[in-house]
Amino acid sequence: MDNARIADTFDHIADLLEFTAANPFRVRAYRNGARTVRDLGEPAADILADENRKLTDIDGIGKDLAGKIAALVAGDRVPLLDELTAKVPESALAMMRIPGVGPKKAAALFKELGIATLDELRAACEAGRVRGLKGFGAKTEQTILAGLSLAEQADVRMLWAEADVEAQRVLAHLRGYPGVRELEMAGSYRRGRETVGDLDVLAVADDVDALMDHFGKLDDLDTVIGRGDTKMSVRLGSGVQIDLRVVPEESFGAALQYFTGSKDHNVAVRSLAKKEGLKINEYGVYRGDEYVAGRTEKDVYATLGLPLFPPEIREARREFDWAAAGELPKLIEADDIVGDLHMHTHATDGRASIEEMAAAAKKRGLRFIAITDHSKRVSMANGLDAARALAQWKEIDEINARADDGFLILKGIECDILEKGGMDLPDDVLAEADWVVASVHYGQNQPREQITERILGALENPHVSAIAHPTGRIVNRRKPYEVDLEAVFAAAKKHHKFLELNANPHRLDLDDVACAAAKDRGIPIVINTDAHSTEGLGVLRNGILQARRAGLTKQDVANARGWTQMKKLLGK
DNA sequence: GCCGTTTTCGGCCCGACTGTTTTCAGTCG
């Protein structure tokens with residue numbers, strides 16, 4: 001079993017334990033364990049197989065969790081999981097996804113009324129049976145009915161790029177109220193997570209009530225979930241929840257730090273503060289009752305001797321180790337990228353011409369691009385055969401010859417790795433290209449060994465420059481194709497090839513953990529848009545956010561260098 | 001369930017808001 005599945009299992013155990021009213025700290029230990037395994041950066045099986053290392057050396061993994069990981073890796077059953085599964089039906093857990101229903105209420109519904117599915121819960125609410133339960137009332141019943149549809153569309157999180165549209169709209173609306181002195185989005189949106197659940201807005205305002213009234217006039221507002229002295233929550237027609245918090249000016253930095261999270265990052269910060277005899281909450285840093293800091297985030301971190309962490313790395317992974325060593329990486333910026341090496345034109349499934357793509361890229365400040373249309377195997381997209389590819393490259397030569405501004409268009413191709421192995425175009429054709437990205441489009445259901453073999457074969461081909469999407473990952477889709485990523489890393493390193501971080505918000509292949517692992521192994525990443533139109537070039541920022549979350553610097557990203565440098569890396 | 005320069009027990013981050021209570025538990029972030 002791989003790390004992701006082990007982590008899912010631990011999270012599932014935590015859900016079940018919560019439902020059975022287990023010790024909350026035991027629940028947290030499983031959640032911590034899940035996160036730790038998910039972020040490991042190498043297969044837990046490798047650590048187990050290494051007699052010089054122990055799983056228990058990892059922070060947060062004790063004897064018990066190490067034993068369960070070993071069992072899962074070996075494919076054995078975990079007795080605790082079987083025991084809990086026998087007690088709690090899967091469908092009952094779904095009740096905890098209803099806003100306002102947590103483990104206690106869900107368990108009460110299950111135990112007292114025998115409700116085990118969302119359908120049964122709806123019926124019970126409509127029959128007025130729920131309000132009779134201790135701790136429940138008519139209002140709770142209404143809340144449940146209203147929240148059922150949300151629970152049924154399990155785990156709908158927006159892509160960051162979609163959340164960004166809403167976020168900008170909300171910020172613009174709030175800025176329309178003149179009494180706003182500070183305004184900032186916090187939460188997972190600010191951390192640049194690939195998906196965002198809800199939006200958190202922080203504000204400092206002259207008149208809190210007036211700002212909240214103004215907030216209530218937001219377009220597309222569906223319901224006001226709650227409104228207090230400092231916090232107001234609303235839900236939009238699109239289902240997005242937005243929380244507005246208004247804080248005093250001297251608390252803005254503390255609140256921004258607090259509500260940006262992540263939760264785990266904050267727990268770690270608070271623990272550090274406690275050791276220093278300080279207390280941190282959303283209002284500031286306190287020594288006893290004395291306010292020490294809170295105006296800016298920088299002030300808050302400084303009281304603990306910590307640097308101002310970029311939001312993208314506040315995940316309680318390695319940022320505190322980096323800070324302690326004084327080695328906080330200077331994360332890559334969008335402006336550092338000087339070339340984009342994966343895009344399509346109307347020769348295949350793109351919508352613009354070579355020159356239109358080049359002009360758009362130039363406008364965005366790039367110095368070079370590679371045109372990488374599909375190869376012939378992708379017949380649906382009218383992929384290029386040898387003759388058409390060579391003709392396109394001739395055209396590119398002519399465009400480059402006419403150009404007088406130093407902008408360079410590389411002759412490229414996204415060449416398919418065939419189902420039976422090998423490339424879709426002959427070597428003598430690929431040899432004519434400046435840049436070849438190899439890609440698995442077909443036979444994605446093959447066994448792991450076979451897909452890995454195909455990719456390794458491509459990496460051995462002297463004309464291949466990069467693997468386009470090394471894991472076939474698509475955000476929000478559960479299963480990418482299965483590949484031995486460690487073997488791919490090793491081959492990429494050996495043959496001096498690049499791995500692509502596909503910046504399309506639906507793909508973001510590699511994920512941040514894989515991206516960090518590639519960095520650790522010294523494999524250069526290229527961040528490409530895979531654009532199919534001139535607007536498509538704009539998705540680059542999604543890739544940048546992903547790279548930043550992985551802790552990548554300018555030095556780790558190959559297309560932050562000029563093409564001459566990249567050619568050297570390829571050994572050309 | 002994990003952890004330890006107060007170390008094998010007793011802690012484990014902290015506060016707002018809601019609804020159901022009559023002083024607070026549950027939920028959320």
Side-chain angles (χ1 to χ4, degrees), chain A residues 10 13-14 17-19 21-36 55-69 78 80 95-109 130-144 146-147 150 186-191 196-202 208 212 224-233 241-247 251 254-286 304 316:
Chain A
F10 282 176
I13 291 176
L17 283 172
E18 245 185 340
F19 196 93
N23 176 352
F25 296 107
R26 190 179 174 206
V27 174
R28 203 171 84 182
Y30 277 97
R31 296 230 185 270
N32 274 336
R35 187 175 53 86
T36 304
L55 284 172
T56 49
D57 290 339
I58 303 166
D59 218 24
I61 306 293
K63 210 174 135 197
D64 187 281
L65 291 185
K68 289 193 171 70
I69 293 171
V78 173
L80 173 66
M95 292 194 283
M96 293 201 291
R97 288 204 300 264
I98 300 168
V101 178
K104 295 280 160 47
K105 283 203 164 67
L109 290 164
V130 168
R131 72 185 68 177
L133 271 181
K134 187 171 162 25
F136 290 73
K139 193 92 185 215
T140 313
E141 219 169 56
Q142 284 312 304
T143 311
I144 291 173
L150 287 167
S188 56
Y189 169 77
R190 183 163 180 248
R191 299 203 310 282
V196 174
D198 53 23
L199 293 173
D200 297 290
V201 200
L202 285 177
V208 177
M212 286 187 176
V224 176
I225 299 168
R227 176 170 171 169
D229 294 338
T230 65
K231 180 186 166 183
M232 178 166 165
S233 299
Q241 182 177 331
I242 306 171
D243 297 333
L244 169 69
R245 288 183 175 81
V246 192
V247 298
S251 299
L256 186 57
Q257 193 283 325
Y258 187 96
F259 289 110
T260 296
S262 67
K263 196 176 168 182
D264 295 310
H265 174 88
N266 284 352
V267 168
V269 168
R270 261 156 244 291
S271 294
L272 285 173
K274 209 167 173 179
K275 278 180 198 147
E276 300 289 325
L278 297 165
K279 188 180 77 165
I280 301 188
N281 57 29
E282 59 262 55
Y283 296 107
V285 185
Y286 296 87
L304 299 171

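Worth knowing before you read on, the calculation uses all heavy atoms, side chains too, and leaves out hydrogens, waters and symmetry mates. Chain naming here is simple, since letters A, B, ... match the order of the sequence lines and numbering starts at 1 in each.
As rounded to the nearest Å, dT8(B) and dC3(B) have C1' atoms that lie 10 Å from one another. Separation of the P atoms belonging to dT21(B) and dT27(B) is 14 Å when rounded to the nearest angstrom. Going from the C1' atom of dC14(B) to that of dC9(B) covers 24 Å, rounded to whole Å. Atom P of dG1(B) sits at a distance of 23 Å from the matching atom of dT5(B), rounded to the whole Å. Spacing between dT6(B) and dG11(B) at atom C1', rounded to whole Å, works out to 12 Å. dG15(B) and dG10(B) are spaced 25 Å apart, taking the P atom of each and rounding to whole Å. On the P atoms, dC28(B) is 26 Å away from dT23(B), given to the nearest whole Å.
Of all nucleotides present, none satisfies the Watson-Crick or G-U wobble test against dT8(B) with each distance under 3.5 Å.
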Inset, instruction - Summarise protein proximity over nucleotides 24-29 of chain B in one line of letters, 5' to 3': B for base, S for sugar-phosphate only, - for none, counting protein heavy atoms closer than 4.0 Å. - result: --SSSB
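To the nearest angstrom, C1' of dC12(B) lies 10 Å from CG of N32(A). Between the P atom of dC3(B) and the NZ atom of K274(A) lies a distance of 18 Å, rounded to the nearest Å. One interatomic measurement links the two molecules: CG of L80(A) to C1' of dG1(B), which rounds to 11 Å at whole-angstrom precision. When rounded to the nearest whole Å, the span between CG of N281(A) and P of dC14(B) equals 9 Å. Distance D264(A) CG to dC12(B) C1': 13 Å, rounded to the nearest Å. Nucleotide dC13(B) holds its C1' atom 9 Å from the CZ atom of F25(A), rounded to whole Å. Straight-line distance from the CD atom of E18(A) to the P atom of dG1(B): 15 Å, rounded to whole Å. Straight-line distance from the CG atom of L55(A) to the P atom of dG1(B): 16 Å, rounded to whole Å.
In plain terms, the two heavy atoms of V196(A) and D198(A) that are nearest each other are CG1-O, 3.4 Å. Summarising the geometry of E18(A) relative to P103(A), their closest heavy-atom pair is O-CB, 3.4 Å, with the distance given to 0.1 Å. Closest of all the heavy-atom pairs between M212(A) and D229(A) is CE-O, 4.0 Å. For the pair D59(A) and T36(A), the tightest heavy-atom approach, listed with the atom from each and the gap, is O-CG2, 3.9 Å. Summarising the geometry of T56(A) relative to A66(A), their closest heavy-atom pair is CG2-CB, 3.8 Å, with the distance given to 0.1 Å. The heavy-atom pair separating A29(A) from L65(A) by the smallest distance is O-CD1, 3.7 Å.
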Legend entry - Test side-chain contact (heavy atoms from CB on, under 4.5 Å) applied to R245(A) and L202(A), step by step: CA-CA 5 Å; R245(A) 288 183 175 81; L202(A) 285 177; 3.6 Å; yes
Inset, instruction - Might you work through the side-chain contact (heavy atoms from CB on, under 4.5 Å) test for K68(A) and L80(A), ending with a clear yes or no? - result: CA-CA 9 Å; K68(A) 289 193 171 70; L80(A) 173 66; 3.9 Å; yes
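For D229(A), taking side-chain heavy atoms from C-beta onward, the closest of the listed nucleotides dG15(B), dC13(B), dC17(B) is dC17(B). In the set dC17(B), dC3(B), dC12(B), dC3(B) carries the atom at the smallest distance from any side-chain atom of D59(A). Residue R28(A) places its side chain closer to dC12(B) than to any other of dC12(B), dA16(B), dC14(B).
R26(A) has a side-chain polar atom (N or O) that falls below the 4.0 Å cut-off from OP1 or OP2 of dG1(B). When the side-chain nitrogen and oxygen atoms of Y30(A) are compared with OP1 and OP2 of dC2(B), none of them lie within a distance under 4.0 Å. Between T230(A) and dC17(B) there is a side-chain N or O to OP1 or OP2 distance below 4.0 Å.
The list of salt bridge (charged side-chain N to carboxylate O under 4.0 Å, His left out) pairs with a residue in residues 263-275 of chain A, not counting sequence neighbours, reads R35(A)-D264(A).
Annotation: side chain of K105(A) is not in contact with side chain of I98(A) (no heavy-atom distance under 4.5 Å).
Not one N or O on the side chain of S251(A) forms a donor-acceptor pair closer than 3.5 Å with the backbone of A254(A).
Nucleic acid contact class of K275(A) (heavy atoms, under 4.0 Å, all strands): none. Across all strands shown, N266(A) has no heavy atoms under 4.0 Å from either base or sugar-phosphate atoms.
When the nearest nucleotides of DNA chain B are assigned to I58(A) and I280(A) by heavy-atom distance, the more 5′-ward of the two goes with I58(A). Summary of the strand contacts: G228(A) and D64(A) both lie near DNA chain B, and taking for each the nucleotide with the nearest heavy atom, the more 5' one is attributed to D64(A).
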What does the list of N/O pairs under 3.5 Å between the protein and nucleotides 19-21 of chain B look like, with a distance for each?
unit_1, atom_1, unit_2, atom_2, d
dG19(B), O3', T140(A), OG1, 3.2
dT20(B), OP1, G137(A), N, 2.5
dT20(B), OP1, G137(A), O, 3.3
dT20(B), OP1, T140(A), N, 3.4
dT20(B), OP1, T140(A), OG1, 2.8

